[in-house]
Amino acid sequence: MAKFPSQYELAFQQSLEKLNAAQKQAVENIEGPVLVIAGPGTGKTQILATRIGKILQDTDTPAHGILCLTYTDTGRVEMRNRLFNIIGPAAYRVNIHTFHSFCNEVIQDNISYFGRQSMEAISELEELELFNELLKNLPIESRLKNFKSDINYEVKKVINLYARYKKENWSVEFMNQKIDSYLQDLPTRDEFIYKVNSKNFKKGDLKVGAIKEETEKMEKLREAVNLYPKYEALMREKRRYTFDDMILWVLKAFEENNNILLNYQEKYLYFLVDEFQDTSGSQKQLLQYLIQYWEAPNVFVVGDDDQSIFSFQDANVKNITDFASEYANGLHKVVLTENYRSTQNILDAAKSLIEKNKERFVNIDTTLSKDLVAAKVSLKELDIPPQIIEYPNPANEAICIAHKIEELISSGRTQPSEIAVIFRNHRQVEDLVNYFEKKNIRLNMKRNINILELSFVNKILTLLEYIALEANKEYSGDEKLFEILHFAFFNIPPIDIARLSRQVAQKNFNWRNEKTSLRRAISEEESAVPDLFNTAETSELKRISNVLEELIKASNNVTLQVLFEVVIREAGILNYILNQPDKPWLMEVITCLFKFIKSETHKNPDITLQRLLDMIKTMKSNNIRLNLEKVSASADGVNLVTAHSSKGTEYEYVFLIGCNKNTWDDKKSSGHYDFSMPDNLTSDNYVVDELEEARRLFYVAMTRAKTHLAISYSSNDNSTKVLERSEFVGELIEGTGILEKKEHADENTVSDYLQLQYTNKPIPEIGLIDKSYIDKILENYSLSVTNLNNYLECPIKFYYNNVIRIPAAMSESMAFGSAVHYTLQTLFEKMKTNGNVFPSKEIMLEDFDRFMDRNTELFTKDQLNRRKDYGRKILPPYYDFYVGKWNKIVNVEVNIRNVEVNGVPINGKLDKLEFTGKSVNVVDYKTGRYDNARKKLKPPSGDDKIGGDYWRQAVFYKILLDNEKYNNWNAVSSEFDFVEPVKKDEYKTEKITITNEDIQIVLGQITDTWKKIQNHEFSKGCGKDDCHWCNFVKENHKHVIFHETTEEEEA
DNA sequence: TAAGAGTCACTTTTT
DNA sequence: GTGACTCTTA
C-alpha cells in the first residue's frame, strides 16, 4: 500500500521512526482537532510535514484535500521542501498557502464575484500620501487636523489604527458602541474617583479632569474610526488595496455567499496551521469559517504562546487559548518538550526567564508542563554556562564582541554563519556595522542602506531642488546655490564663494540698486578661458554657471529621466564618481536613485520635478526608505539580526547585545504610534501586557543559541549617562545563579572606535575672507539682539548669516510669525487712526489674509492652506480675549538706532511699546507654543551659561531703551505675548522681571561679543550635531581645519 | 494621594 | 507634536 515513490517511502518511514513519543502522538492523531504547543527547537516543521505524509498514507484523502496554512512565505517554502523530502512530488499537490496567498486564490477562483482584477497593492509612500489627503481637508475644529508641519503625527496613528481595524475585522458601529460603553463605565472605576479628602475635592468625588482627558482621547479615536468609510472610498477610487483587504474581502464573501464558502468547506478535509500564535483575529475567523462545517474538524494547529512576539501586527496569543476552550471536548493536546537545538544550560536559563510570565498556556491548563529537555545527543553532555557581561559602554561592547568574533573565526572553531549578534533595535548596530566592516569581518544583515540618508545623494537632490526653484521663479534658489557651489563636484575655493556672495548681499542692501542674485553674479563672470587676467577659478565659475543655466532651461523641456541623466553627466557628478576610490558603490547608489525615478515616471509620465522632490521629502520625513542592498551582505558572513527576525533561526554562538532597560523594557517608546484604545474591545477585556511581550522576545532571542550564549549590556552610554540593565538580565542572574562579569577594551582602541563613529566630532574651523574686506564690512556695523543670539549660538552661523549674508529662505513658521506680526501691527495702527476704537475681528482677519495672499511664495500650497486655517482658528479667540483689556496708549513697530553702550553701537526693532505715563512696557509677539519657549525665557543657570534667547532679548530691550537719548522713556518691563493659546481660550503673556544682575550679564555678553566680532573670531563653530552651518562646513570644505574640543568650548 | 513641572524619546515586520 | 515617566510639593 505504498503511496509514495519507493525512494520516498523509505524517507517517510525514517522520519516516522525518528519521532519521539510526543511527536508521534501529534503526528498519528489525524482525526479531530489537535493543538500542539511546540517550544523552540522541538521539531515543529518536521511533525507538520510528517503528519501530512501520515494523512496521505493512512486515508484516501487526495493531496489537494489538505490545506496547510503558514504565516510567512519563507515558512511556506520551507514547509514545501521538507514535505518534498519526505513524500516526493506529491508535495506539490498539497495546498500549502500563506493566509494571504490562500485568499488571493479564492479571489482569483471567483473573479466574477469579486471583480477587482485591476487593483494594485498600495505602496508605503502611496499609503502615506493617501492618508495625508484624507486628513488634509478636515474641518478646522477637527481633532485630527494638522496646522503646522509637513509631517502629521496623527497620520501614522490613523494608518496603524486602520491596519489593526482590518486585522480584527472591526466595524464603525462596533467601535462606536465600544467607545460609548467604555466612556459610560469610566465614572464607576476606582481610578477616576478621589480616594482622599483635600481642599478642592472630597473622597468619593469623580475626577472630572481625568474623565475629560480620557473622553477627549476617545473622541479623537472615534473621529478617526468614523473616517474609515471615506478611506475605503478613497482606496477604491485610487484602485489600491492592502494585503489585509484580501482577507476581509474573502471573509465578506464567505459571509454573504454561502455557495462560495461551501465550495471551500467541501474541498478540504484536513487543515493544518503553523505558527498559530501569530494569527490575527481576521485570520482566525477565516479558519473558523472553513472548519465550522464539521462538528469535529480535522484541524491541527501548532504554535508556541511563549514565542508570540508580533502583537504589534495584531498577532494574538489568545487565539491559542480560545482555540483550546472552543474545542474543549475531544481536543487532543500535545506539548513538545524535547529540544534538538540547545544545551541544557541554555534551556534552563531560558526557562528561568519565561517562567516570570503570567500569561502562559501552562498557567491556564496546569496539567501541562513545558520544561524543555536537551535531546540532541551531541549536545547533551556539554556544560557551557551562558555568560552575562557588563561593558562600560556600547563602544566597549562592540569592540570586545568584534574581537571575540574575530578570534572564533580565525581559530577555525566555527563558521561565520554560525555566529549571530542579536539586538532589539536597528540603530543599536549602526556603529557596530561600520566597525566590523573596517575590521573586514564579513556580515550578513537583512537591513539595507537607505540611500536618501547619504550625503552624496542629498547633494544631488539639492542640485535638483535648486533647478526646480529657479525654473519656477528666477533667483528664488540662491541659498541653495551658495551650498551647491561648495560641492566637491566643482572646484571652487570657499573664500571666493563667500566674497561673491557678500558682494551680492551688499548690492541688494542698497535699495536704489536693481536686485541681483548669486545666479546672476556668476553668470556675469567675465571670461570662459583662463588667461593673464582671469584666474582658473573664474573660468570654473563660468563653466558651472553655463551648466546650471542649461539645466534650468532643460528642466522645462525634457522628461524627468532625461533631466536626471543630464544632471549626472553635465554637472560633473559622473566625473567626480569616476575619480573616487569607492566608485562602484557610488555608481550603484546613482543607479538606485535613477531606478526610483524611472519607476515613478512610469507610474505617472507627467510627473514634474517639483512633485518628485515633494515625494522624496515626504519619504524622508516619514522614514520611508529607498533601499539599496550593499553587496557586502554575504550569506557566509556573521549574522546581524533583530530579535524579531531571529525567530525560527539557530546559531552555535549567539551574542545578545544591548540588554539595557531603555531598549528592552521601557514603555516610553510605545504609544507614539497608536491611539489610546478602550479596554473593552475583547470579550474579557484582554490587553497585551507589554513587559511580558518583551520578555517573550528576549526568550526567543536566547533560545536561538545552540551551545554558546553571551548576554551583554552597558553601564553607561557612549558619553556619561548611566544606563540601567534590563530587568530580564536581573531575572536571569537570580534564576540561574550565573554571575555577571565585567569586561572592557583598551583605551586606545576605544578612542579609535569613537573617532570612527564621529561621536566626538571635532569642531570645524573655516578659512575667512580677507581681513581688510571683513573690516570694511564691519565698518558701519551695529549689534542687534538677533545677531547677538546668533553669535552666542555659533560663530560660524553668525559669519554666514550676518557677515557674508547668505540669502536665507524663510521657514514656514517664521513666515507665519510675520503674518501674525503684520496683522497685530495693523490692528493697533487702525485703532489709533480710528479714534481709539479697535476694528472688528473680520477686518483683522482680512488683514491677515491679505498678508498671506501677498506672500504666497513663502509657503508651499499645502502649507499656505494649513496656515491660513490656523490663523483663522487662533486669531479670533485671541482678539476676543484681549480686546477689552489692551492698553491703547501704544507705539507699534518702533525702530531704535544710534544707541551706544560701553562703546558698542546697538539697535533694535520693538513690536509694541505700552505707556503708563513715562513708564514703558515693551511687548514682543511670539508665535509658536509657549511650552517650547519656556526654556528660552530663563536666565543663565547651571549648565546653561549664556541664558535663553528670549530672556536675553528682554534684557537687551531694557538696555536699549535705557541708553536711548531722544525720548526720556523709563523702561520698566519686557513682556512676551504668546498669540497661540496655551489651552483652549487661555493665553499667556510672560513678563520678565529684569534684575541689575541680568543687565550686567547681558552687558558683558554685548561687549564681549563685540570684541570678538571686531577681532574676527568667527572661524570656530559650535560643533553641535544639529548645527546646519557646522555640518555644511564639515561636509563641503576641502580645507577645513579640525581642532579637538576643549573643556571651555564644550559648554 | 494628586497635580504640576520638567524631561525624554520617537520600535519590531509580514503579506 | 505627543505622551508617558519622574520628581517635587502640598
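What you see is a predicted model, and the numbers here were worked out from it, not measured in a lab. To find a chain, count down the sequence lines: A is the first, B the second, and so on, and within it residues start at 1.
Legend: residues meeting salt bridge (charged side-chain N to carboxylate O under 4.0 Å, His left out) with A:K991, ordered by chain and number and at least two apart, are A:E975. Contacts of A:E216 classified as side-chain hydrogen bond (donor to acceptor under 3.5 Å, both in side chains), with partners at least two apart in sequence or in another chain: A:R143. Not counting sequence neighbours, the partners of A:S712 by the side-chain hydrogen bond (donor to acceptor under 3.5 Å, both in side chains) test are A:E397.
The side chain of A:H644 lies closest to B:dT13, out of B:dT11, B:dT14, B:dT13. In the set B:dT13, B:dT14, B:dT12, B:dT13 carries the atom at the smallest distance from any side-chain atom of A:F310. Distances were taken from every side-chain heavy atom of A:R929 (C-beta onward) to each of B:dT14, B:dT12, C:dG1; the shortest belongs to C:dG1. Which of B:dT14, B:dT11, B:dT13 sits closest to the side chain of A:R424 comes down to B:dT11. The nucleotide whose nearest atom lies closest to any side-chain atom of A:Y673 is, among B:dG6, B:dC10, C:dA4, B:dC10.
Taking atom NZ of residue A:K166 and atom P of nucleotide B:dT15, one finds them 17 Å apart after rounding to whole Å. In this structure, A:N662 atom CG and C:dT6 atom P are separated by 13 Å, rounded to whole Å. The interatomic distance linking A:D665 (CG) with C:dA4 (C1') rounds to 16 Å, in whole Å. Between the CD atom of A:E275 and the C1' atom of B:dT14 there is a distance of 12 Å, given to the nearest Å. When the C1' atom of B:dT12 is taken as reference, atom CG of A:L697 falls 8 Å away, rounded to whole Å. Whole-Å rounding puts the A:Y241 OH to B:dT14 P distance at 18 Å. In this structure, A:E127 places its CD atom 17 Å from P of B:dT13, rounding to the nearest Å. Atoms NZ (A:K647) and P (B:dT12) sit 17 Å apart, rounded to a whole Å.
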Would you mind writing out the side-chain donor-acceptor pairs for residues 134-141 of chain A within the sub-3.5 Å range, not counting sequence neighbours?
none

Extract all donor-acceptor atom pairs below 3.5 Å that involve side chains of residues 276-285 of chain A and protein atoms in other chains or at least two apart in sequence.
{"from": "A:Q277", "atom 1": "OE1", "to": "A:D304", "atom 2": "N", "distance (Å)": "3.0"}
{"from": "A:Q277", "atom 1": "NE2", "to": "A:E275", "atom 2": "OE1", "distance (Å)": "2.9"}
{"from": "A:D278", "atom 1": "OD2", "to": "A:K647", "atom 2": "NZ", "distance (Å)": "2.7"}
{"from": "A:T279", "atom 1": "OG1", "to": "A:F276", "atom 2": "O", "distance (Å)": "2.7"}
{"from": "A:T279", "atom 1": "OG1", "to": "A:N319", "atom 2": "ND2", "distance (Å)": "3.1"}
{"from": "A:S280", "atom 1": "OG", "to": "A:Q283", "atom 2": "N", "distance (Å)": "3.4"}
{"from": "A:S280", "atom 1": "OG", "to": "A:Q283", "atom 2": "OE1", "distance (Å)": "3.4"}
{"from": "A:S282", "atom 1": "OG", "to": "A:K166", "atom 2": "O", "distance (Å)": "2.7"}
{"from": "A:S282", "atom 1": "OG", "to": "A:K167", "atom 2": "O", "distance (Å)": "2.4"}
{"from": "A:Q283", "atom 1": "OE1", "to": "A:S280", "atom 2": "N", "distance (Å)": "2.8"}
{"from": "A:K284", "atom 1": "NZ", "to": "A:E326", "atom 2": "OE2", "distance (Å)": "3.1"}
{"from": "A:Q285", "atom 1": "OE1", "to": "A:N169", "atom 2": "ND2", "distance (Å)": "3.4"}

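Rounded to the nearest Å, the gap between the C1' atom of B:dT13 and that of C:dT2 is 24 Å.
Between A:N160 and A:F243, the residue whose closest nucleotide on DNA chain B is further toward the 5' end is A:N160. Nearest-nucleotide mapping onto DNA chain B: of A:N425 and A:T98, the residue sitting toward the 5' end is A:N425.
At the heavy-atom level, A:D244 lies nowhere under 4.0 Å from the strands shown. A:S645 comes within contact range of the sugar-phosphate backbone alone, with a heavy-atom separation under 4.0 Å but no base atom that close.
Residue side chain A:F312 fails the stacking definition with respect to B:dT11, as its ring centre and the base's six-membered ring centre are not both under 5.5 angstrom apart and under 30 degrees in plane angle.
At the phosphate of B:dT15, neither OP1 nor OP2 sits under 4.0 Å from any side-chain N or O atom of A:R76.
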ring-ring contact (aromatic ring centres under 6.0 Å, His included) evaluation trace for A:F698 with A:W664: CA-CA 8 Å; A:F698 203 97; A:W664 280 91; 4.9 Å; yes
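The two residues A:R80 and A:V94 come nearest to each other via the heavy atoms NH1-O, 2.9 Å.
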Show the distances under 3.5 angstrom between N or O atoms of the protein and N or O atoms of nucleotides 2-5 of chain B.
{"from": "B:dA2", "atom 1": "OP1", "to": "A:K195", "atom 2": "N", "distance (Å)": "3.2"}
{"from": "B:dA3", "atom 1": "OP1", "to": "A:Y194", "atom 2": "OH", "distance (Å)": "2.5"}

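The cationic group of A:R867 lies under 6.0 Å from the six-membered ring centre of A:F816 and within 45° of the ring axis, placing it in a cation-pi geometry.
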